[in-house]
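Within every chain, numbering begins at 1; the chains are lettered A, B, ... in the order of the sequence lines, protein sequences first and strands thereafter.
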Amino acid sequence: MKRAPALSSQLVSNLLTQEDRWDLLQSLEKAKQLLYLKSTTSDHFLDQLRHDHAELLRAAWSQLFSEPSPSEILEVITLIEKSVNRLPVITLTLTYHPTRVQIKELASFIRSKINNQAILEFQFEPNLVGGLVVQAEGQNIDLSLRETLLHAKV
Amino acid sequence: MSPTNLILLLTSLVSLTLVFQVALAGLLFLSWRRFKIDEKSIRYTARKTSKQLTDLVIDAQKESKDLLLESQRAAHDQLANLPDYSAILEKESHQVIQELIKWQETELKRLHKSWTEKIAGATASSQHEMEEHMLQALDSFNQELSLSLKKHLELLAEERAQLKAETQTQLKNYTEEQKKELASQVEKALPQVFKGILQKQLSPAQQHELVMTQLQQAWEEGILKV
């Protein structure tokens, strides 16, 4: 398990949002069930998972083991689950529904400035008028236009 | 290979190298220029967005100020329509005084008549004494009436002062309540006003641009440190 940090970094780059995290965790759970049922080292069971998740798992154990046994594959899956569950969440409340490209842009900014492993959770609140609210580690940073304008003297 | 050919070959090589260097320099210049243009374009967009936002905020502030003034005018109209207690009181006291004067005249006539009859029926010796009594009685009546009027006017003045104080308190309370109501109305209305203005003018892409600008600004100001 010498290359675990590399695995973690690869995971983070693929996961941007909470939805991505739930999807991957579901795939991992399904992979474990299939592995228990078939008890095989063949990776055909991965075909039943989402393509990118299957690729990730395949790459993960090929990085760590040359010929992994079923127990070693399970070990890798558990390692990935732990890494995924440890990722910190930053909630962004916005006045619009961001596209995937916009999510990537936001994630890139947040990861370069605040936390390089953060995954994003989005909330929609049109009453903010404009701007956003950032919630992370118990802090609430209101950068909305409503906040700015209500505190400005009319 | 003959020396001429060798010279020709070398010359060609040198020329090719020169052409390659010039082309490379050209490419470098073009990419630098492109970078400068991109930088200019980003700055221009940022300035444009900033100006657009400033205009929006100014519009919104103007609109909210109009809203505030309109509400204040409405409150002022309501205050102006409150009943004028002073005028009512003036009218009432005038009526009371008129009635008192009328009663005084009637009572004086009745007394005068009664005494005149008594005097006429009296003996000559006692007429003078009776006239004295009558004058004293009328004088006493006048005094009593004056006191009564004075007392009544004092009561009226007291009532008037009390009513005035009550009205003032009422007006003061009303204004405070009105102020609170106004503040609450304006607070509720402001986001709607701004939201309306922004949604009319900003597309989701522009809203995203605004979010990125605010994140960058918050980061530069050190607000975004979690």
Applying a strict 4.5 Å limit to non-hydrogen atoms, the region of B:Gln217 in contact with chain A is neither

Is it true that a side-chain atom of A:Glu125 and a backbone atom of A:Thr93 form a donor plus acceptor pair closer than 3.5 Å? no

Begin with the C-alpha distance, continue with both residues' side-chain angles, and end with the deciding distance and a verdict on side-chain contact (heavy atoms from CB on, under 4.5 Å) for B:Met212 and B:Glu209. CA-CA 5 Å; B:Met212 293 309 296; B:Glu209 218 172 292; 5.9 Å; no

A:Lys104 backbone acceptor or donor facing A:Ser108 side chain under 3.5 Å: no

For A:Thr91, check side-chain hydrogen bond (donor to acceptor under 3.5 Å, both in side chains) against everything at least two apart and list the hits. A:Glu121

Counterpart residues, side-chain hydrogen bond (donor to acceptor under 3.5 Å, both in side chains), relative to B:Thr4 (two or more places apart): none

Is it the backbone or the side chain of A:Leu94 that comes under 4.5 Å from a heavy atom of chain B, or both, or neither? side chain

Report, by ascending residue number, the residues of residues 20-31 of chain A in heavy-atom contact with chain B at a distance under 4.5 Å; give 'none' if the set is empty. none

Summary of ring pair (Phe, Tyr, Trp, His ring centres under 6.0 Å) pairs that have at least one residue in residues 68-107 of chain A, sequence neighbours excluded: A:Tyr96-B:His208, A:His97-A:Phe124

Separation between CD1 (B:Ile223) and CG (B:Leu215), nearest 0.5 Å, reads 11.0 Å

